[in-house]
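Written below as structure tokens is the structure these notes are about.
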Amino acid sequence: MKMIKKIWNDKPLTLILFAGAFFRLISAIFSEGYGMHDDHFLVLEPAQSFLEGEDYNNWLPENQANPIPSGHSWFYVGIHYILLYLMESIGVVDPKIKMVIIRLIHAAYSMLIISMGYKIVRRMSTFHNARLAGLILALLWFFPILSVRNLVEMVCIPPLMAATYQMLKFDEKRKYTFVILAAVFAGLATGVRYQAALFTLGFGLLLVIRQKWIPAIVFSLFWTITFFVTQIGDLIIWHEPFAEFSEYVRYNIENKTTYFNRPWYMYLGTVAGLLVPPVSVMLMFGFGYGAKKHLAVFLPAFVFFVFHSYFPNKQERFILPVFPFVIMLGVVGWSMWQSRSSFWQKRAGLHRGLWVFFWVMNSILLLFFTPASTKKSRVEAVYWLGQQPDFNNLIVESSHSSSYVSPPAFYLGTWPDYYYTTKKNSAEKLANLEAVQNPVSKPNYVIFMTEEHLDERVKRFEEGYGKEIELAKTFEPSYIDELLHELNPHNNNQTVRVYKIKE
């Protein structure tokens with residue numbers, strides 16, 4: 001304990017990084033699966049399919065009847081293509097081993113959030129505030145598990161923080177090197193996640209407000225060059241610059257209410273809830289209170305937050321890049337307010353108690369979520385299928401629904417053109433397909449992804465397809481999947497059953 005206390009007082013960043021690495025390592029090893037559709041089917045599936053000469057999402061023009069860009073950046077997918085290629089070139093072919101390596105890489109990369117956060121706060125404020133902000137960034141309950149996911153919303157954070165750090169250094173020394181580096185980091189972040197361009201707008205506004213006209217031009221130029229380099233695939237594939245980005249903007253404007261149409265204040269509740277109230281409210285207040293003095297940290301995040309609050313299509317993960325900035329400036333701003341507030345000066349015990357409550361609740365959530373696997377039953381079922389010597393192809397049974405749950409084909413280790421049933425696409429229709437009788441593409445397993453009307457669906461499949469099926473394996477959801485399903489029945493994180501089609 002004496003040694004820990006000494007490190008905490010002399011070299012706190014070392015201890016903070018160790019704590020952050022410990023929990024991220026646990027997530028990297030034990031937290032299997034994927035969180036949502038985008039962090040798997042828009043990253044790993046296309047990268048692996050390209051590696052095998054396929055095009056899982058039909059993103060390439062030669063696989064489209066009316067070729068148009070998909071609206072997805074090739075940059076992050078391309079990085080995974082390279083990673084998967086390197087792994088296979090040294091004999092790593094097992095999907096689960098590939099994913100452990102990828103999660104470990106993401107865990108190591110996410111450590112930059114902690115170190116950059118500590119340095120940014122140390123540049124703005126006191127040693128004590130830098131320690132506190134760094135510790136929150138290391139141990140905030142949802143950061144370890146999300147840091148090892150293939151979420152572009154998390155991956156874009158380190159370069160955004162690096163850009164902010166360079167802007168803070170420019171404020172002090174007025175050297176163009178810092179503006180150029182800030183532009184390069186912001187361009188890389190935008191290449192990963194297009195919405196990061198809103199942070200870039202905030203950096204530009206910062207320079208304009210301060211009437212730094214030449215630095216603003218330099219920043220814009222180097223951001224454009226860097227972003228262009230990350231999108232070089234557009235020239236190769238579509239023969240025009242920024243084709244995917246343009247399609248992304250067009251599609252989202254035209255479909256701004258197609259998926260969700262949520263109120264403007266939703267993200268206020270998201271930040272307040274996920275940062276654990278009432279400390280979350282203190283940090284949000286501090287974020288605003290410290291804005292004028294630390295505009296370089298406040299303005300880019302504020303522009304990003306305001307736009308997403310205005311835009312109708314809202315999902316909780318969209319706002320993830322804001323959290324480190326609320327934490328950093330929140331800690332600094334709240335410290336400024338506390339030191340000037342007679343109310344809090346007289347109630348040091350209450351203040352300490354609120355932080356104790358925060359750390360107790362955060363620790364409980366951290367221990368619960370850090371090792372949790374998500375979409376476990378889906379992953380395990382598909383992985384098991386890929387290990388069966390007789391596996392040829394599969395059918396995803398969803399005759400009770402108008403759509404089907406996509407199987408994570410990455411875990412098969414092969415790339416079959418699988419089949420599915422829905423209300424409109426019956427088993428009887430499948431049975432009449434010529435491809436179903438072809439030995440190369442003939443399915444010999446059926447996956448029932450959910451338990452809804454299971455007996456009825458089994459009977460309907462056997463009657464329509466004209467063959468009996470036999471239960472081969474059952475896969476149970478993880479504890480977190482079960483909880484999410486209980487909280488929201490629309491989360492189909494249920495038991496998955498694999499049936500063998502009898503000949």
Contact between [X] and [Y] at the side-chain level, heavy atoms closer than 4.5 Å - yes or no?
| X | Y | result |
| --- | --- | --- |
| Leu137 | Pro324 | yes |
| Lys375 | Arg378 | yes |
| Asn255 | Asn313 | no |
| Trp59 | Trp74 | yes |
| Ser31 | Arg149 | yes |

Check the side chains of [Y] and [X] for a donor-acceptor pair under 3.5 angstrom, ignoring hydrogens and angles.
| X | Y | value |
| --- | --- | --- |
| Glu88 | Gln48 | yes |
| Glu244 | Trp238 | yes |
| Tyr118 | Asn129 | no |
| Tyr109 | Arg24 | no |
| Ser70 | His72 | yes |
| Asn63 | Asn58 | no |

**OP:** Quick one: do Trp223 and Phe228 satisfy side-chain contact (heavy atoms from CB on, under 4.5 Å)? Show the steps, please.
**Re:** CA-CA 8 Å; Trp223 175 85; Phe228 173 79; over 6 Å; no
Tell me if the centroids of the rings in [X] and [Y] come within less than 6.0 Å of each other.
| X | Y | answer |
| --- | --- | --- |
| Tyr194 | Phe245 | yes |
| Tyr56 | Phe410 | no |
| Trp344 | Trp334 | yes |
| Phe170 | Phe178 | no |
| Phe325 | Phe298 | no |

Rounded to the nearest 0.5 Å, what's the gap from [atom1] on [X] to [atom2] on [Y]? Could you check?
| X | Y | atom1 | atom2 | answer |
| --- | --- | --- | --- | --- |
| Leu84 | Ile79 | CG | CD1 | 12.0 Å |
| Phe185 | Ile180 | CZ | CD1 | 12.5 Å |
| Tyr267 | Phe307 | OH | CZ | 10.5 Å |
| Leu206 | Met167 | CG | CE | 6.0 Å |
| Ser125 | Ile120 | OG | CD1 | 13.0 Å |
| Leu15 | Arg131 | CG | CZ | 10.0 Å |

Answer yes or no: are there more than 12 heavy-atom neighbours, outside [X] itself, under 6.0 Å from its atom [atom1]?
| X | atom1 | value |
| --- | --- | --- |
| Phe75 | CZ | yes |
| Trp8 | CH2 | yes |
| Trp337 | CH2 | no |
| Lys96 | NZ | yes |
| Asn261 | CG | yes |
| His128 | NE2 | no |
| Lys169 | NZ | yes |

Subject >> Option from Lys212, Lys293, Arg210 for which salt bridge (Lys or Arg N to Asp or Glu O under 4.0 Å) with Asp171 holds >> reply: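 It is Arg210; the other options fail the test.
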**OP:** Please check if the side chain of Asn252 supplies one atom and the backbone of Val249 the other of a donor-acceptor pair under 3.5 Å.
**Re:**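 Not at all, since once roles are kept as given, no pair shorter than 3.5 Å links the two residues.
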Original post:
Looking only at atom types and distance, does a side-chain atom of Ser73 sit under 3.5 Å from a main-chain N or O of Gly191, one as donor and one as acceptor?
Top reply: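 The answer is yes, because a donor-acceptor pair under 3.5 Å joins these two groups.
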Original post:
For the side-chain hydrogen bond (donor to acceptor under 3.5 Å, both in side chains) test, which of Arg103, His80, His40 pairs with Asn150?
Top reply: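 The passing option is His80.
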**OP:** Indicate yes or no: does Lys376 engage Glu32 in a salt bridge with an N to O separation below 4.0 Å.
**Re:**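 No, Lys376 and Glu32 are not salt-bridged.
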**OP:** State whether Asp38 and Arg317 are salt-bridged, where the test is any N-O pair (Lys NZ or Arg NE/NH1/NH2 against Asp/Glu carboxylate O) under 4.0 Å.
**Re:**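 Here Asp38 pairs with Arg317 in a salt bridge, since their nearest N and O are under 4.0 Å apart.
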Subject >> Identified ring pair (Phe, Tyr, Trp, His ring centres under 6.0 Å) counterpart of Phe142 within the set Phe368, Phe369, Phe323 >> reply: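 Going through the options one by one, the only one that passes is Phe323.
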**OP:** Let me know which of Phe305, Tyr310, Phe311, Phe304 forms a ring pair (Phe, Tyr, Trp, His ring centres under 6.0 Å) with His308.
**Re:**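 Single ring pair (Phe, Tyr, Trp, His ring centres under 6.0 Å) partner of His308 among Phe305, Tyr310, Phe311, Phe304: Phe304.
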Original post:
Closest approach of Ile113 and Met161, non-hydrogen atoms and distance?
Top reply: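 Distance-wise, the nearest heavy atoms are O-CE, 3.3 Å.
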